[in-house]
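Heads up, the thing below is written out as structure tokens.
Hydrogens, waters and symmetry mates are skipped; everything else that's a heavy atom, side chains included, is used.
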Amino acid sequence: MSKRAVGLVAIVLLGFGLWMGLAQFRPAARQPPPSGTARIILITRSPAPSPTLLPSPTPTSMAQRMVVTGTGGLGLRLREGPGLLYAVVTILNEGTPLSAFPESVEADGLRWRRVRTEDGAFEGWVAEPYLAPTD
């Protein structure tokens, strides 16, 4: 093959490769975005059977005053139950005052404490290492 023929083949192959590469930018080649909301659910292990939670009593003198601390400003997740697999009710800001009930539960390698916000708007479970007494 002559140098001219080799050069022509190279140009044709380069042009074809460029044409194929640009095909993704043509409207006909694009996929429309999926409709609806995507949900990602990450399950790391099977949840233990959840304890039956009784209706919450009103805060009494047995409740200890605590404050959210040690979150680095990210806040603390208040969950529906004691464990990482329970839904997040809200995120409590650093310094949020809480009433903490005496009961605590060990789950997912953490000790969980049942708490209520001072205004009574939220109640749930938080990881105890992020609580400090205000007394």
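In terms of heavy-atom proximity, Thr69 sits nearest to Ala132 at CG2-CB, 3.6 Å. Listed here is the closest heavy atom pair of Val105 and Pro82: CB-CB, 4.0 Å. Annotation for Glu128 and Ser104: closest pair OE2-CB, 4.3 Å, computed over non-hydrogen atoms. Scanning all heavy atoms of the two residues, the minimum distance from Ala107 to Gly83 falls at CB-CA, 4.3 Å. Here the closest heavy-atom approach between residue Glu103 and residue Trp125 is recorded as CG-CH2, 3.9 Å. Nearest approach of Asp108 to Leu84, heavy atoms of both residues: OD2-N, 2.6 Å.
Using modelled atom types, one side-chain atom of Glu94 and one backbone atom of Thr71 make a donor-acceptor pair closer than 3.5 Å.
Note that Arg114 lies in the cation-pi zone of Phe101, set by a 6.0 Å cut-off to the ring centre and a 45° limit from the axis.
Here OG1 of Thr96 is found 5.0 Å from CG of Asn93. Values are rounded to the nearest 0.5 Å. Going from atom CZ of Arg65 over to atom OG of Ser99 covers 6.5 Å, rounded to the nearest 0.5 Å.
The hydrophobic clustering, which links ILVMFWY residues whose side-chain heavy atoms are closer than 4.5 Å, places Met66 and Leu78 together. In this structure, Val89 is a member of the same hydrophobic cluster as Leu131, with clusters built from ILVMFWY side-chain heavy atoms closer than 4.5 Å.
Counting heavy atoms from C-beta on, the side chains of Phe122 and Leu98 never come closer than 4.5 Å. With contacts defined as side-chain heavy-atom distances shorter than 4.5 Å, the pair Arg113/Tyr130 does not qualify.
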Evaluate the criterion side chain to side chain contact (heavy atoms under 4.5 Å, CB included) for residue pair Thr117 and Thr90; output intermediate values, then yes/no.
CA-CA 11 Å; Thr117 56; Thr90 190; 6.0 Å; no
